[in-house]
*Asks:* 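One structure, as structure tokens, below. Some questions next.
No hydrogens, no waters, no symmetry mates; every other heavy atom, side chains included, goes into these values. Just so we're on the same page: letters track the sequence lines, and every chain starts at 1. For clarity, every value in this text was computed on a predicted model and none was experimentally measured.
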Amino acid sequence: MSTDENSSGVVKKFMYVNRKAPYGTIYALEVLEMVLISAAFDQDVHLAFVDDGVYQIKKGQDTKGVEMKNFSPTYRALDGYDIEKLYVEKESLDERGIAASDLMVPVEIIDRAAMTALIDSMDVVLSG
Amino acid sequence: MSTDENSSGVVKKFMYVNRKAPYGTIYALEVLEMVLISAAFDQDVHLAFVDDGVYQIKKGQDTKGVEMKNFSPTYRALDGYDIEKLYVEKESLDERGIAASDLMVPVEIIDRAAMTALIDSMDVVLSG
Amino acid sequence: MLHTVNKSPFERNALDACLTRAAKGSAILLYEDAVYAATKGTNVASRVSQATQAFKVFVLGPDLRARGFDEAQVLDGITVIGYDEFVDLTVEHGTVNAWL
Amino acid sequence: MLHTVNKSPFERNALDACLTRAAKGSAILLYEDAVYAATKGTNVASRVSQATQAFKVFVLGPDLRARGFDEAQVLDGITVIGYDEFVDLTVEHGTVNAWL
Amino acid sequence: MQFGILVNEGPYNHQASDSAYQFVKAALGKGHKIFRVFFYYDGVNNANKLTEPPSDDRNITKRWSELGKAHGLDLVVCVAAALRRGIKDEVLADGFRISGLGQLIEAGVHSDRLIVFGD
Amino acid sequence: MQFGILVNEGPYNHQASDSAYQFVKAALGKGHKIFRVFFYYDGVNNANKLTEPPSDDRNITKRWSELGKAHGLDLVVCVAAALRRGIKDEVLADGFRISGLGQLIEAGVHSDRLIVFGD
């Protein structure tokens, strides 16, 4: 991308709401590509993991048996792009029996009320 | 299709399980195309409408406002192809507040237990 | 904020996902297969009626009519709109959040 | 009959659709995103455990491992299989019904 | 007001592209501007010019091309998503262009509203 | 035993085509026969030869072509579904052929099992 695009000066709060499990569909993977690009555009990037989206960052993904690309290492690379605002909804974890220690990246675990307020404060919300 | 294909002599019980609402996705429309062809192949064709599939045969569909093709008249044409085994699950209707009189074609309304037994008796089950 | 839902409440969890995470006072538009949530007599009707207390709920008329329903079959407290008013809603309510 | 389910029980109604309409004694295979239904500690676990009384329930190992789960995290009464045994199941159980 | 539009699904199989089209038509009719329509995920399949639906049905690709031409719309197909699905210049319909995902972020930044249509 | 396979979804966006591929490979490995693999709905997009995924990912179309060649598989794309989505001879990958929906019914009639992979 050109420098002019990046330096328009406008910074918006972007949120990617991840509600879908990985591998069954491609949304989780292609959302990540959007996330990386928005960081390159110097936007204020937020990722929310709610509902089945919390499965995206479950530790220990091994796709050899399905011969699909294991894209989960990308989540660990996000902080290299200064993408550090990752929020996981506590209720979504609890419903699925997932503990904080099962997650592969550092995240902020917030409750549903806090997630509601956070989403409500965004300028642009994207979902896949 | 050629005559040999049609006259192989094998007749199987085919069932099309319709579980999806029309228009939001194309499955209902393209299932109908399968249904028509299987009748041309002289198979013993059954249609089951369960869950949101019951909405496929809701009376009064008018697609002018969405500029999509209204394919619902095809259901009324099915008996012209000797496709007369249409089964609707009572529980699916009740959950959606749909009455028998809301349906555009003659169907047999059966309860979930009967639907279970009917599905279990089929040779080939197709879903969209 | 305007929240949009386009899936049947019987098939997917999108409506629930929206209702449990939309801030009070938000607008919610039901369109495509989500219009079924706006109809009377379903087993989600009481939940949706309750939602009209906390949110401004709208349903897209063209999608409703495509599926064989009309205004008379829509739950009280839900406003039937067209594409023009869909555009107006996005103008009036700021950020749009599609619960896909 | 072999019934297959490939959607998350949290996102869609496919598992419910199958469990309420599969004949007793049928085999059920959970694969793709439906493997989550076979894991311990979820809020559908008791329902799925109950289903193992009425049905022979299987889960596809490659899909389970892709999603970060292993055999130890699978509910009792569910058998973990590979693609080869998926093929065997279809041979042994007659008609296959995919709950899409 | 200026709108960005994101179309996540391909033609016919899901209503997303139809809904997006109706929304864009309505917005233009009310005098709003469309900054860009961006096609991502299977949405890239909307740009396949070989599409040939039955004659009694709408032609979704052609309809986008025509609306684009009439109103000077910027119809952008994501290059990465398009390569993955076999949408290249050889099959690209009139009025669409292939470009990077940055064009979507730009649409998010410079539009007053970004509206997502998907499954 | 003889299998018929129905693939309802396009490549990458849904796992259906991957699962079908793994199933077919396993069935062939166990000495079963594949009567036909039929591609319907968005499944027709599996036959697009322009597909070019990132180099570190599987090439779903090519993989079907190669498996088809190695085992003489009959890979059939539904003509009606394909026209609607712009899949024509111009973009048809090696080893696929375009034919009528009757070929699916025939697969249902003549196979011992018909297995459906979809969304």
*Asks:* I'd like to verify something: which residue of C:V96, C:D88, C:V91, C:T95 has the highest number of heavy-atom pairs under 4.5 Å with chain E?
*Replies:* C:V91
*Asks:* Do we see a donor-acceptor contact under 3.5 Å between the side chains of E:Q15 and C:D63?
*Replies:* yes
*Asks:* Going by residue number, which parts of residues 111-119 of chain E are within reach of chain C, meaning a heavy-atom gap below 4.5 Å?
*Replies:* E:R113, E:L114, E:I115, E:V116, E:F117, E:G118, E:D119
*Asks:* So for E:N8, is it side chain, backbone, both, or neither that comes closer than 4.5 Å to the heavy atoms of chain C?
*Replies:* side chain
*Asks:* So for atom CG, which belongs to E:D94, do other residues, nucleotides or ligands contribute more than 12 heavy atoms lying within a distance under 6.0 Å?
*Replies:* no
*Asks:* Taking atom CD of E:Q2 as the centre, does the number of heavy atoms from other residues, nucleotides or ligands within less than 6.0 Å exceed 12?
*Replies:* yes
*Asks:* Considering only heavy atoms, give the residues of residues 19-31 of chain E separated from chain C by less than 4.5 Å, sorted numerically, with 'none' for an empty result.
*Replies:* E:S19, E:Q22, E:F23, E:A26, E:A27, E:K30
*Asks:* Identify all side-chain donor-acceptor contacts of residues 72-87 of chain C below 3.5 Å with residues at least two apart in sequence or on another chain.
*Replies:*
residue: C:Q73; atom: OE1; partner: C:D70; partner atom: N; Å: 2.8
residue: C:E85; atom: OE1; partner: C:G82; partner atom: N; Å: 2.8

*Asks:* Report, in residue-number order, which members of residues 59-67 of chain E are under 4.5 Å from chain C by heavy-atom distance.
*Replies:* none
*Asks:* Within the supplied structure, the quantity of interest is the number of heavy atoms (other residues, nucleotides, ligands) at a distance under 6.0 Å from E:K33 NZ; does it exceed 12?
*Replies:* no
